[in-house]
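Chain A is the first sequence line, chain B the second, and so forth, proteins listed ahead of strands; every chain is numbered from 1. These numbers were taken from a predicted model, which means no experiment stands behind them.
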Number of protein chains: 2
Amino acid sequence: MSIIYDISKGVIAVNQVKDYRKAAKLTQFELAQAVGVARQTINLVENGKYNPSLDLCIRLAKVLQTDLNQLFWEE
Amino acid sequence: MSIIYDISKGVIAVNQVKDYRKAAKLTQFELAQAVGVARQTINLVENGKYNPSLDLCIRLAKVLQTDLNQLFWEE
DNA sequence: CTAAAATGTCATATATAATTGACATTTAGG
DNA sequence: CCTAAATGTCAATTATATATGACATTTTAG
């Protein structure tokens, strides 16, 4: 269910955004609106295709009512 | 000692990087080398002048032996 | 006090995050 | 099934994170 580190597919980072978004019953579009970015940006973040800015990470954590570690920290 | 939110001075974010760096007895230059960025980038991050990428935040947390919440989360 | 190291900052250049629009594929409900 | 919503993805553009070099100021050690 969660993203796995896989250079061959261009995945560069693991995160729990999708799980938290679904738990909050939000679509990618709704989450995008809530944090003020485009839907594609949320899609790319969820699929680990690039590094979001710290500012976006913080807004995601706040909207999803969690914190940076829960969303983006592992180990 | 820690950065205060102050739009008038262009400060956009609060973080504890400087405190953790000093606790680790590293210079900005040494920390920059350790995480693979320019010294100026560390300086700007410490002074809250812009949003670092999540990737850089994670590397900073690892080198400073802490985590994302300790460095960048508040409240 | 003095010199070297560390830090703050500026200006220019480059890499990449994020936007916009569009379309194909997948998923969920009637 | 069928259809609409949701998602994945592509291409082109814009905004901004980061690099590089340089220099002034502040801090630290001798």
Visitor: Please assess B:Tyr20 against B:Val63 for the test side-chain contact (heavy atoms from CB on, under 4.5 Å), listing each intermediate value before the final yes or no.
Guide: CA-CA 10 Å; B:Tyr20 275 85; B:Val63 166; over 6 Å; no
Visitor: Under 4.0 Å: is that the gap between some side-chain N or O of A:Asn47 and OP1 or OP2 of D:dG8?
Guide: yes
Visitor: With no hydrogens and no angle check, is any side-chain donor or acceptor of B:Asn15 less than 3.5 Å from a backbone partner on B:Val45?
Guide: yes
Visitor: Roughly how far apart are A:Gln40 CD and A:Ile42 CD1, rounded to 0.5 Å?
Guide: 10.5 Å
Visitor: For A:Leu56 and C:dA17, give me the distance from atom CG to atom P, rounded to whole Å.
Guide: 12 Å
Visitor: B:Ile42 CD1 to D:dA19 C1': how many Å, rounded?
Guide: 13 Å
Visitor: Supply the atom-to-atom distance B:Asp67 CG to B:Ile58 CD1, rounded to the nearest 0.5 angstrom.
Guide: 11.0 Å
Visitor: With a cut-off of less than 4.0 Å, is there a side-chain N or O of B:Asn43 near OP1 or OP2 of C:dG8?
Guide: yes
Visitor: For residues 23-37 of chain A, tabulate all N or O donor-acceptor pairs below 3.5 Å that involve a side-chain atom, not counting sequence neighbours.
Guide:
unit_1	atom_1	unit_2	atom_2	d
A:Thr27	OG1	A:Phe29	N	3.4
A:Thr27	OG1	A:Glu30	N	3.0
A:Gln28	OE1	A:Asn43	ND2	3.4
A:Gln28	NE2	A:Glu46	OE1	3.1
A:Glu30	OE1	A:Thr27	N	2.9

Visitor: Measure the shortest side-chain to side-chain distance between A:Leu71 and A:Leu60 over non-hydrogen atoms and say whether it is less than 4.5 angstrom.
Guide: yes
Visitor: I would like to know whether B:Leu56 and A:Asn51 meet side-chain contact (heavy atoms from CB on, under 4.5 Å); could you show each step before the answer?
Guide: CA-CA 9 Å; B:Leu56 175 53; A:Asn51 295 320; over 6 Å; no
Visitor: What is the distance from CG of B:Asp55 to P of C:dA15, rounded to the nearest Å?
Guide: 17 Å
Visitor: Identify which nucleotide among C:dT9, C:dA17, C:dT7 has an atom closest to any side-chain atom of A:Ser53, counting heavy atoms from C-beta outward.
Guide: C:dA17
Visitor: Please list, pair by pair, any protein nitrogen or oxygen found under 3.5 Å from a nitrogen or oxygen in nucleotides 25-30 of chain C.
Guide:
none

Visitor: Calculate, to the nearest 0.5 Å, the distance between atoms CZ and CG belonging to A:Phe72 and B:Asp55 respectively.
Guide: 12.5 Å
Visitor: May I have the distance from B:Lys25 (atom NZ) to C:dA5 (atom P), rounded to whole angstrom?
Guide: 19 Å
Visitor: With a 4.5 Å heavy-atom cut-off, do B:Leu54 and A:Ser53 have their side chains touching?
Guide: no
Visitor: Send over the distance from A:Leu44 CG to C:dT16 P, rounded to a whole Å.
Guide: 15 Å
Visitor: If you restrict it to nitrogen or oxygen atoms, what contacts under 3.5 Å exist between nucleotides 20-23 of chain D and the protein, and what is each distance?
Guide:
unit_1	atom_1	unit_2	atom_2	d
D:dG21	N7	B:Gln40	NE2	3.3
D:dG21	O6	B:Gln40	NE2	2.7
D:dA22	N6	B:Arg39	NH2	3.4
D:dA22	N6	B:Gln40	NE2	3.2

Visitor: Which one, C:dA18, D:dA19, D:dA17, comes nearest to the side chain of B:Val37?
Guide: D:dA19
Visitor: Supply the atom-to-atom distance B:Leu68 CG to B:Lys62 NZ, rounded to the nearest 0.5 angstrom.
Guide: 9.5 Å
Visitor: Do A:Trp73 and A:Gln16 have side chains that approach each other closer than 4.5 Å (heavy atoms only, starting at C-beta)?
Guide: no
Visitor: For the helix from C:dC1-D:dG30 to C:dG30-D:dC1, figure out the bend between the end axes, five pairs an end, and round to 10 degrees.
Guide: 70°
Visitor: At what distance, to the nearest 0.5 angstrom, does CG of A:Leu64 lie from CG of A:Asp19?
Guide: 10.5 Å
Visitor: B:Lys18 versus B:Asn47: any side-chain heavy-atom pair under 4.5 Å?
Guide: yes
Visitor: Could you check which residues of residues 27-36 of chain A get a heavy atom under 4.0 Å from DNA chain C? Sort them by number, please.
Guide: A:Gly36
Visitor: Taking only side-chain nitrogens and oxygens of B:Lys18, does any of them come within less than 4.0 Å of OP1 or OP2 of C:dT7?
Guide: no
Visitor: In residues 59-73 of chain B, which residues come under 4.0 Å of DNA chain D by heavy atom?
Guide: none
